[in-house]
Amino acid sequence: MKSIFLFLVCLMILSCHQNKKQVTMSKKIVIAHRGASGYLPEHTLEAKAMAHAMNADFIEQDLVLSKDNIPIVIHDIYLDDVTNVATIFPSRNRKDNRFYVIDFTFDELKTLQVTERFNPKTGEQVYKNRFPKGKGNFKIHSLQEEIELIQGLNTSTEKNIGIYPEIKAPEFHQKEGKNITEIVLKVLADYGYKTKKDNCILQCFNAQELERIRKELKSELFLVQLIEHPKQAKELKHFATYADGIGPWYKQILASKVKDQYSFTSLVSDAHQLGLKVHPYTFRADALAEFDTFEEMMQTILIDANVDGVFTDFPDVVINFLKENNNEY
Ligand code: G3P
Ligand code: CA
């Protein structure tokens, strides 16, 4: 009897130890930014399927409402830099000469061709060496359709890849008489995304709206506060009252470079002290800015600055890099 009791105590200690190990050695996550958008036009189902095949931990969905209140997966409130809307509906622009997603029904949006991102004024492709603009047959899709793709692939491949939706421009939707947040939360809940255990991270740049999602709408999802301006770093304590993580622009983590050595702002350590995860955006192998190589960028921010995950257009490259670096620290 005594030995059985001792055996049970040992098992409990071992299991506590293993749980603790999981928390302290948490894996860095790779978020497929707009899908595998370095290889296929952003936010197409094809780019999402590719990201899934690459084993990204999460796949991102930027969300905007259609005229008939369907959450559409698209980066901007505009259509004219990733579709042929100006050719198909030439008179449907607003005074500012832009074509707005919210002015079109889902059925109308489905008639458009999606293409690699371009400058609508010049027609020039933004990332020159990516999928050729105007080629292929890509379509706009809804959040529901994307979730069904990812959940279906999770079933057929026995994976558990998460979703990482972003509510875009809630203040703009409000002015247009629409409540995007409540519509999105309902779709997420309908597909089983309700708590932090459900493999869904919800993000928003609008701090007031993200706080409302937690405090008024009582969402139990994992919430990430996106940060656009460096001065918002001063608000970390407040963010920690409702968010589980922050998503800063990666430059907000870099302080200076002296003799090839980067130093860092206190953003990551301050966030960690408050229990916030840090997922900076955006790692692009074909837009390196201050870095000489993509390898240097990954080493500097992912490893040296010790962030918890990253948004990238090239999930396969970051995954391989992390594998080579064991992805556990
Ligand atoms: O949402 C985080 C990341 O996607 C950066 O923002 O502008 O690409 O949606 P954006
Ligand atoms: Ca986004």
Side-chain angles (χ1 to χ4, degrees), residues 27-64 71-78 81-82 114-118 125-131 138 140-141 143 146-147 149-150 153 161-169 199-205 222-228 245-253 277-289 291 294-295 297-298 300-302 305 307-322 327:
K27 172 179 172 282
K28 293 178 194 289
I29 61 164
V30 177
I31 307 141
H33 181 249
R34 311 180 197 175
S37 57
Y39 306 98
L40 280 160
E42 67 184 54
H43 284 318
T44 55
L45 285 177
E46 289 82 352
K48 305 308 172 89
M50 189 171 188
H52 195 283
M54 287 172 167
N55 291 327
D57 297 289
F58 288 84
I59 299 174
E60 192 200 27
Q61 302 78 32
D62 292 313
L63 299 170
V64 177
I72 303 297
V73 183
I74 188 165
H75 180 262
D76 297 303
I77 57 174
Y78 314 112
D81 38 20
V82 287
V114 176
T115 184
E116 184 62 35
R117 176 168 287 276
F118 62 98
Q125 182 164 335
V126 173
Y127 298 100
K128 306 283 179 293
N129 296 320
R130 294 195 182 181
F131 199 91
F138 304 103
I140 280 182
H141 65 273
L143 173 62
E146 181 159 335
I147 291 175
L149 175 80
I150 293 170
L153 284 171
I161 288 172
I163 62 169
Y164 206 130
E166 177 186 345
I167 293 177
K168 283 286 182 194
N199 227 7
C200 169
I201 300 181
L202 184 62
Q203 45 166 342
C204 191
F205 275 106
F222 193 106
L223 301 182
V224 163
Q225 179 62 62
L226 296 172
I227 300 181
E228 204 167 7
I246 55 166
W249 188 22
Y250 75 85
K251 285 180 194 275
Q252 293 163 8
I253 290 167
K277 297 284 185 194
V278 183
H279 300 161
Y281 58 87
T282 301
F283 280 30
R284 295 184 168 108
D286 53 358
L288 293 172
F291 296 103
F294 198 43
E295 178 92 17
M297 182 179 196
M298 293 186 283
T300 303
I301 297 172
L302 261 171
V307 300
D308 305 290
V310 67
F311 289 88
T312 179
D313 295 1
F314 297 86
D316 56 333
V317 183
V318 179
I319 288 165
N320 283 340
F321 173 82
L322 284 172
N327 195 15

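Note that this is a predicted model, so its numbers are computed, not measured. One is the number of the first residue; the rest follow in order along the sequence.
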Between [Y] and [X], is there a side-chain heavy-atom distance shorter than 4.5 Å?
X: R34; Y: D62; value: yes
X: K28; Y: L322; value: yes
X: L149; Y: H141; value: no
X: I253; Y: P248; value: yes
X: D81; Y: V126; value: no
X: W249; Y: Y281; value: yes
X: V317; Y: T312; value: no

Write down the atom of [X], the atom of [Y], and the distance for their closest heavy-atom approach.
X: F222; Y: G245; value: CE2-N, 4.3 Å
X: A32; Y: A51; value: CB-CB, 3.5 Å
X: I319; Y: M54; value: CD1-O, 3.1 Å
X: E146; Y: V73; value: OE1-CG1, 3.4 Å
X: Y250; Y: L288; value: OH-O, 4.4 Å
X: R130; Y: R284; value: NH2-CD, 3.8 Å

[atom2] on [Y] to [atom1] on [X], rounded to 0.5 Å:
X: I163; Y: L202; atom1: CD1; atom2: CG; value: 9.0 Å
X: F138; Y: E42; atom1: CZ; atom2: CD; value: 12.0 Å
X: L40; Y: M50; atom1: CG; atom2: CE; value: 5.5 Å
X: I150; Y: K48; atom1: CD1; atom2: NZ; value: 6.5 Å
X: I301; Y: K251; atom1: CD1; atom2: NZ; value: 9.0 Å
X: I161; Y: N55; atom1: CD1; atom2: CG; value: 5.5 Å

Please assess D286 against N129 for the test side chain to side chain contact (heavy atoms under 4.5 Å, CB included), listing each intermediate value before the final yes or no.
-> CA-CA 8 Å; D286 53 358; N129 296 320; 5.6 Å; no

Please assess I201 against I29 for the test side chain to side chain contact (heavy atoms under 4.5 Å, CB included), listing each intermediate value before the final yes or no.
-> CA-CA 12 Å; I201 300 181; I29 61 164; 4.3 Å; yes

Please check: side-chain N/O of [X] versus main-chain N/O of [Y], any donor-acceptor pairing under 3.5 Å?
X: D57; Y: V30; result: yes
X: E166; Y: H75; result: no
X: Q225; Y: C204; result: yes

Would you please name every residue forming a side-chain hydrogen bond (donor to acceptor under 3.5 Å, both in side chains) with Q203, sequence neighbours left out?
->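 Applying side-chain hydrogen bond (donor to acceptor under 3.5 Å, both in side chains) to Q203 gives E60.
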
What class does the angle between the rings of F314 and Y39 fall in, given that below 30° is parallel, 30 to 60° is tilted and above 60° is perpendicular?
-> perpendicular

Is it true that F321 and F294 have ring centroids separated by less than 6.0 Å?
-> no

Go through the steps to decide whether L302 and V307 satisfy the test side chain to side chain contact (heavy atoms under 4.5 Å, CB included), and finish with yes or no.
-> CA-CA 5 Å; L302 261 171; V307 300; 4.0 Å; yes

